[in-house]
Structure formats: structure tokens, C-alpha cells
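Reviewing the structure listed below.
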2 protein chains.
Amino acid sequence: MTLKQLEAFYWAATCINFAVAAERVHVSSSSLSKRIAELEHSLGLELFDKTGRNSVLTGHGDRLLPLAKDMLERAGAIRETLGSSIGLSGRCRLGMGEMSAMCWLPAFIAAVAARHPGLQVEPLVANDQVLERRLEDGELDCAVLAGASSRGGLASQAVGEAELAWVASPEFVTRCGTDRPAELVNGQLFISLPAGSGLTRALDQWAGQHGLSVERRLSCNNWGAVVSMIRAGLGFGLMPREWAHAMARRGALLVLQPEERLPSLGYVLQWRRDDSRALIAEMRRLVGRSVAFRAPECFI
Amino acid sequence: MTLKQLEAFYWAATCINFAVAAERVHVSSSSLSKRIAELEHSLGLELFDKTGRNSVLTGHGDRLLPLAKDMLERAGAIRETLGSSIGLSGRCRLGMGEMSAMCWLPAFIAAVAARHPGLQVEPLVANDQVLERRLEDGELDCAVLAGASSRGGLASQAVGEAELAWVASPEFVTRCGTDRPAELVNGQLFISLPAGSGLTRALDQWAGQHGLSVERRLSCNNWGAVVSMIRAGLGFGLMPREWAHAMARRGALLVLQPEERLPSLGYVLQWRRDDSRALIAEMRRLVGRSVAFRAPECFI
DNA sequence: CGCGTTTACGCCTCACGTAAACATC
DNA sequence: GATGTTTACGTGAGGCGTAAACGCG
């Protein structure tokens, strides 16, 4: 029995399948399979029931799981307590929404690279539902999402707040004759992300507070497209404050005045609650001191 | 960092030197040295101060020691809890006194062999002081001694009681005109093991209770020699009861009548208190159900 | 047939033991 | 010189990935 075997077993037992677990321990699924077979041989019992498409834990496997987790945590604690502070290595699969990818990811990548030159961050941009599922499945190590997860298996920690601002193109405002969002929502097209996104939730919350309803909507799952449509004068919308002001400074957009009070978007880092790797602790540390959300360079 | 490395580190830290630790983990001292060097490299710190003839733990090593012990205990617990009940393997260095070696060892070896065919018991016969030191140094896995140790680092568990009987050769009794030990101690030669042995302690306890002193003594560190001398009529002595009666049955010795009440010798299994290997647990189990002290075959 | 896992196989690293060298007392 | 540890080095086992095969839906 080796730590590698226990690690392989643990992730195989808690990830969606062996292939995902293999990625997490940075080996081929063939090797992972063999590590588990070796562990089973050394303990003299079956840990997985492999009849069927997906391997499922046996009773013995169930009993081993908390023990293996404990071993791995303690091994991690030793490395953390005593190990020299050489940087992490390997890969970190980091999920996030598109806005985080544009406003926050570059600075974060820089911070990670400065502290851990050997760690390769692999960002995956997807919507919140996909991100949460991939987190649970083990395909992502952690993810930045708008708001804490509803899933019990995922833990979270605040990353920062993105304040929102109403925006529209100068031509659009001229055409409408008003820059008051409370008036625009009656009749004008509100362009934003699909239902379920943090942005849409923030809008609905705002509308509820003001007794308004947003009738005409256009949703697109791509921020660049949303911004382009707003800029083209197809409608009005919401954007992170810094982003909006950056575009306003070069005349591309107008920040609608007066800015209505909007709930800010609380972004959190999420990870699997049962994931006790040093990688996670370090990501939490780094996002805790990360820079604020910024306007994406490409739109300034 | 691997379990093997932690195991090597633990025993290197708690045995008298690397060579002894290497025997305990069944590798050459070269390999043990390299395992420790590997561990040091993987943690990025020095665990032993190797300037000097004996390696001594550094501060980092001190901190790692309890963590490593914990890891090994948990690994052992996994094997014990889940592992199939295949027998132990490897070697068990078992120390004991000469009497235990003759009266008790054969039956114990048989019991071990029946339960653990792959385990090789290596008995070492020596006196109690030597046994205790070797236990502490790590050269012995466990030992059967007369009475619990005075050393705090050693734990113990009762194995059995050896009842004693007075013996002398028929010719000796005839020559002395008495078979009462309380009379024989005045003037006759008492033949026994060296001071410090359980047998001598039992005699002194008996003498103290009866207000007697044993003046003439002959000590030899070899039971066979002691028995031979008693049988040759050089003096009288004490022997385990079964042993004495076995020799009396064939007329070789007389069991002196009436048998004075003597404290029996309480034999215990001793092991290092910090030794949490499954080997020790199994030895404790086996001696707990082991056969009683018997007359050694060679003297029946 | 698609998906998930294991087997086959060639490769190569790494851990081992023997033996010599080194360091300390 | 005796003792304790490390280095040198040749050997062998075992872990690795690629790719093919297997087994279940």
C-alpha cells in the first residue's frame, strides 16, 4: 500500500469516473487503473465493483474512503507544515464565467505565475451550471462563480464584488430621449446574459425592488457579443462598473445617469468540500489577495 | 514523500542507529540511508544532523517524528481493518531468557508458524538487561522477560507464571541428611542464575519473607550448566515446577519436600511502547493464548 | 457503436544490494 | 582502527504511456 495508491483510490472514488480521476493525479487512466488494482491486491479485497459501465465502490471501498482521505490529508499536512515553500507544480483546472475570465483572470494568472512558476493554470470558461457540475465531477479543481453554490458538496469563499453600471450607446440614448433605466425597461431591449447568470439575477432583484418588470430581453451566452450589441445600439444593458467607465472614457458607451442603485455581483471561489489538497488552500490564499475586477484589456 | 520513506525515517529516528533501523524495515542500510535522503529532498529540509558518528534528529526531524508515527499507525490501521487476514511476513526478532527459550519457545514457535507461515521468528537468548537494551535500541521486536521493565519506553503484558520448586540430586539430599530448603540454605551451596535474574529475585524475596539469608551461592549464566551442577550434587537450587517434576520422574533429581511456598516467576512480553506495528499486536495476541511453561524436551 | 476500464507491450526510471569510500571518534 | 553513514555502480523490478482489446449499455 502506497500513498500514490491511496490517492488514486480516493480520487477514483470521488470523481465521476477513472479518466477524470487520472487527470487529477496527472497520470494516464491506465496507470490509475493499475494503481487501484495494486491497492486491491495489497489489501486483498475488491474496492470497486467493475461490472457495469461505471465503477462503483464496494462495501470495503466505502470503509476505506474516509481512511484514505485521512491519510492524504495528513500527508498534505506534513508537506505543508514542514515542506519548504517551493511553489506548487502540476496543473490547476480553474473554471469561471466569461466576465471573470476577462476582468479578473489575467491578473490572477499573473499572481499565480509569480508565486508558483511550476503551476500551470488551465482556465475553462463556461456557465455556472456547467462549472458546478464539473467541480463535483472532479474535472475542475476550483471555479470562480457568481454566488455560493446550492450544492452541499461545494464550499466557497468570497473573491470580490463586481459593481454594475447601466450602459447604452450614445446613439441609443439620443434615440430614446432618456438615460433613465427605469424608463428604458418599458419598451427598450435589455441585452444581457442568459437566465441563470449572476447578471440576470442581479437585474431581476433590482426590478423587484423597484416594482418594475423587464419585458423585452435579448440573452446571449457571450459577453463580447452582448457588449457588441449594446455598443451597436440594439439596446441597453448592465456591465461591471470599471468596464463601463473604461469604455465610456473613449466614447464607445454611455454610462447612464443617474446610476440606479444596483446589487453588486458577489463572486466566490468554489471547490469541492472534500478536497483537502494544498492546491486548494493556495488558490484560496491567492484569490483572497487578488486584485479587484478590472475592465478587460481587450475592451478598453 | 512515500510511506516507505516515512517508515524509514521513523525507525531511523527511534532506533539506536541506521543499521538497526534498516534491519527493522528489511532493507540494507544503504537503502535506508537513501530513503531518508529522498525524504529530506522531497521535503526540502534536513531531518538528521549527520555531522558526528551518530545521526541525531534536527528540529525539523523532531517535528516530523510524531507526524510520521501517526501516518504509519493509520496505514497499519487500514491494513488491519480492511486487509484480508493473510499472515504476517518478514522477520520477528524475539528476545527471551534461557528458561523461556527452553520451556516456552518451542510451543510458541509452533503457534506462530501455524498462524503465520511467512513469518520467520528469530529468537535471541540473553539476560534481561541485554534484552531490555536491545529492545530500546530497536534490535529486538519484542522479548519475554521475568517481570515488567523499569524502563518507561517499554510496555509489557503478562505471558504466564512459572511456578518454582526446590530441587537437588538424590545423592545430595542423602549426604545432607535433610531435604528442607530452610535448613539447606545454612551451609549448602545454592546454585542459580546471576544476580538480576528473575530466579534470584524470587529467591531473595522468599528468603526475606522467612527471615533467612542465603550465604553460599554459585551463579552461572546458563541454565543447562545450573541444572547439570545441581544434578551432579554440587548444591541445591530452584527450577520451574514442571521441569523439576519431569526430571524427578526419571530419578534424575529430587523435588524437595515439603515444597516451601515460593513466589512464582511472572513472565511478561515486552515491546517498545512506541511500536505500533501489526507485528506487535499479533505477538501480543499469540502469547496471550500461548501454552504454559513446560519442561524443556531436552531435560525430560 | 460509444463509453469506460483493463490488458498488452515496450520503455525507462527508480529502488535495491554489494562493495568501496568517507567521516568521526 | 572501529564504527556508522554515504557514494558508486550494475542489476532488476515495477510503474509509466500508447494503443489495442474488452465489456457493458
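Keep in mind the model is a prediction, meaning the values are calculated, not measured. Lettering of chains follows the sequences in order, A, B, ..., and the numbering in each one begins at 1. Any value given below was found using the heavy atoms of this structure, including those in side chains, with hydrogens, waters and symmetry copies removed.
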When the distance from [atom1] of [X] to [atom2] of [N] is rounded to whole Å, what number comes out?
X        : N      : atom1 : atom2 : answer
B:Asp49  : D:dT5  : CG    : C1'   : 13 Å
A:Glu38  : D:dA13 : CD    : C1'   : 12 Å
A:Lys4   : D:dG14 : NZ    : P     : 14 Å
B:Leu39  : D:dT6  : CG    : P     : 13 Å
B:Asp137 : D:dG4  : CG    : P     : 10 Å

Original post:
Judged by modelled atom types alone, do A:Ser30 and A:Ser33 share a side-chain donor-acceptor pair under 3.5 Å?
Top reply: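 No, no side-chain donor-acceptor pair sits under 3.5 Å.
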
Subject >> Any B:Ser31 side-chain nitrogen or oxygen under 4.0 Å from OP1 or OP2 of C:dG17 >> reply: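 Looking at the OP1 and OP2 atoms of C:dG17, one of them is under 4.0 Å from a side-chain N or O of B:Ser31.
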
Original post:
Is the charged tip of B:Arg277 near the ring of B:Trp11: under 6.0 Å from the six-membered ring centre and within 45° of its axis?
Top reply: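 Yes, B:Arg277 lies over the aromatic ring of B:Trp11.
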
**OP:** Could you note down all residue pairs passing salt bridge (charged side-chain N to carboxylate O under 4.0 Å, His left out) where residues 59-70 of chain A supplies at least one of them, sequence neighbours left out?
**Re:**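 Counting only pairs at least two positions apart or across chains, the salt bridge (charged side-chain N to carboxylate O under 4.0 Å, His left out) contacts touching residues 59-70 of chain A are A:Lys69-A:Glu73, A:Asp70-A:Arg74, A:Asp70-B:Arg74.
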
What N/O pairs connect the protein and nucleotides 5-10 of chain C at under 3.5 Å? Give each pair on its own line.
residue, atom, partner, partner atom, Å
C:dT5, OP1, A:Phe18, N, 3.4
C:dT5, OP2, A:Phe18, N, 2.9
C:dT6, OP2, A:Ser33, OG, 2.5
C:dT6, O5', A:Ser33, OG, 3.3
C:dT7, O4, A:Ser30, OG, 3.3

Original post:
Are the charged groups of A:Glu282 and A:Arg285 less than 4.0 angstrom apart, N to O?
Top reply: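 Yes, charged N to carboxylate O under 4.0 Å.
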
Subject >> A:Ser197 OG to A:Leu145 CG distance, which is reported to the nearest 0.5 Å >> reply: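 A:Ser197 OG to A:Leu145 CG: 12.0 Å, rounded to 0.5 Å.
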
Subject >> NE2 (A:His41) with more than 12 external heavy atoms under 6.0 Å >> reply: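 Result for NE2/A:His41: open.
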
